[in-house]
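Accompanying notes for the structure given below.
No experiment lies behind these values; they were computed from the predicted model shown. Just so it is clear: chains get the letters A, B, ... in the order the sequence lines come, proteins before strands, and each one is counted from 1.
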Protein chains: 2
Amino acid sequence: MIDHWQKEPIGFLIGNTYRRLIHYVSLFLREFDLTTEQFAVLYRLREEDGINQKELALRSAKDQPTMTRILDNLQKKGWIEKKLSEQDRRAYLITLTPNGRERIEQAIPAEARAIADVFAGISPEKLAFLREILLAINENVNRHTHE
Amino acid sequence: MIDHWQKEPIGFLIGNTYRRLIHYVSLFLREFDLTTEQFAVLYRLREEDGINQKELALRSAKDQPTMTRILDNLQKKGWIEKKLSEQDRRAYLITLTPNGRERIEQAIPAEARAIADVFAGISPEKLAFLREILLAINENVNRHTHE
DNA sequence: GACATATAATTGTCAAAGCAATTAATTTCG
DNA sequence: CGAAATTAATTGCTTTGACAATTATATGTC
């Protein structure tokens, strides 16, 4: 079925795999009315509540307009709140609401199950290796874009 | 700068790396007025000219509505043509125009340079290993979505 | 042959991502 | 101090992607 992917250029293979992975995870998050990106943002907030949008965008590897819109959607659902920073009145500090906290705590095990399915049969050593390669790619991109 | 990514959950790490990679490649394709997805479709057509949209979508790992819209954009630029199939009058056969062929031939070396930057210092063995893991992920997703 | 079913492509809607431009507040510097 | 530059967030525009529904053509079955 996907035999022709064996010889796929690596860039396409990464992209296609990523889309399939994301799609699979999204099936698990659907029952929580969460997209994978909304999940990622709530997950980050669970670790670092009360940071501003710029910081949240940086840590989620998204740009600020994208973060604005994801937060809009999360706010409509009542899962985050934006409070004007007292130190800097341009900035909003983002916090999870009680409902938002409950939602992310419920979604985390489901997402973990999806990830477990996706990485089934791939040993911890291989996973560590994958992680290493991904970090190397990140560093290459950083290096080349900053010189 | 990206120290906090060291301990990032693997799903987020893959997504963030993918976005950074795609962004870097897109900088190289910009001078050819091509997005990475448009590049991918032209690249595929260069190998298999005259196939229908459904087949093209399948081989590019995109759904049909997405393919319709990418082709719309490529057609506006005059780089592909759609001809009604004589065997099946529901289907369009997609072909590269001479301009489209010229465009993809010019863009390929630029994309290759971007990919070379991104994978600099990563040995062929590691790349083969990465490919193996990505294929395993694909098979896992396939298996789980079809049972 | 006629009717039901399946298929190729399209359209519409929403989420996300990149980029450019804008607004409002803050910082820097002359 | 006050003007200029910087910064946080927002909005608009375009492309991609998932999903549902629609249209037109093909296929299968009675």
(message) Measure CG/B/Leu34 against P/C/dG18 and give the value in whole Å, please.
(response) 18 Å
(request) Quickly work out the B/Tyr18 OH to D/dT16 P distance and round it to whole Å. (result) 11 Å
(request) Can you sort out the partners of B/Arg69 under side chain to side chain donor-acceptor pair (under 3.5 Å), two or more places apart, ordered by chain and number? (result) none
(message) I'd like to know whether A/Tyr24 forms a side chain to side chain contact (heavy atoms under 4.5 Å, CB included) with A/Thr36, so could you lay out the CA-CA distance, the side-chain angles of the two residues, the decisive distance to 0.1 Å, and finally the verdict.
(response) CA-CA 10 Å; A/Tyr24 186 73; A/Thr36 52; over 6 Å; no
(request) Measure from CD1 on B/Ile51 to P on C/dA8 and round the result to the nearest Å. (result) 13 Å
(request) Rounded off to whole Å, could you give me the CG-to-P distance for the B/Leu84 and D/dT23 pair? (result) 19 Å
(message) Side chain of A/Arg19 only, heavy atoms from C-beta on: which candidate in C/dC19, D/dG17, D/dA26 is closest?
(response) D/dG17
(message) How many whole angstroms separate atom NZ of A/Lys62 from atom P of C/dA15?
(response) 15 Å
(request) Not counting sequence neighbours, which residues clear side chain to side chain donor-acceptor pair (under 3.5 Å) with A/Lys83? List them please. (result) none
(request) Report the residues that fulfil side chain to side chain donor-acceptor pair (under 3.5 Å) with A/Glu86, sequence neighbours left out, ordered by chain and then residue number. (result) none
(request) Could you run through nucleotides 9-15 of chain D and give me one letter per nucleotide, 5' to 3': B if any protein heavy atom sits under 4.0 Å from the base, S if only the sugar-phosphate is that close, - if neither? (result) BBBBB-S
(message) Under 4.0 Å from OP1 or OP2 of C/dA9: is there any side-chain N or O of B/Arg89 that close?
(response) no
(message) I need the CZ-P distance between A/Arg20 and D/dA18, as an integer number of Å.
(response) 10 Å
(request) Flag the pair A/Phe32 / A/Phe28 as yes when their ring centroid distance falls below 6.0 Å, and as no otherwise. (result) no
(message) I'd like to check the side chain to side chain donor-acceptor pair (under 3.5 Å) partners of B/Asn99; sequence neighbours left out, ordered by chain and number.
(response) none
(request) Go through the structure and list residues passing side-chain contact (heavy atoms from CB on, under 4.5 Å) with A/Asn73, not counting sequence neighbours. (result) A/Gln38, A/Lys76
(request) Would you mind telling me which residue lines up with the more 5' stretch of DNA chain C, A/Asp63 or A/Gln87, judged by nearest nucleotide? (result) A/Asp63
(request) Would you mind reading off the distance between B/Ile80 atom CD1 and C/dA9 atom C1', rounded to a whole angstrom? (result) 13 Å
(message) Can you work out whether A/Thr36 or A/Asp88 has the more 5'-proximal nearest nucleotide on DNA chain C?
(response) A/Thr36
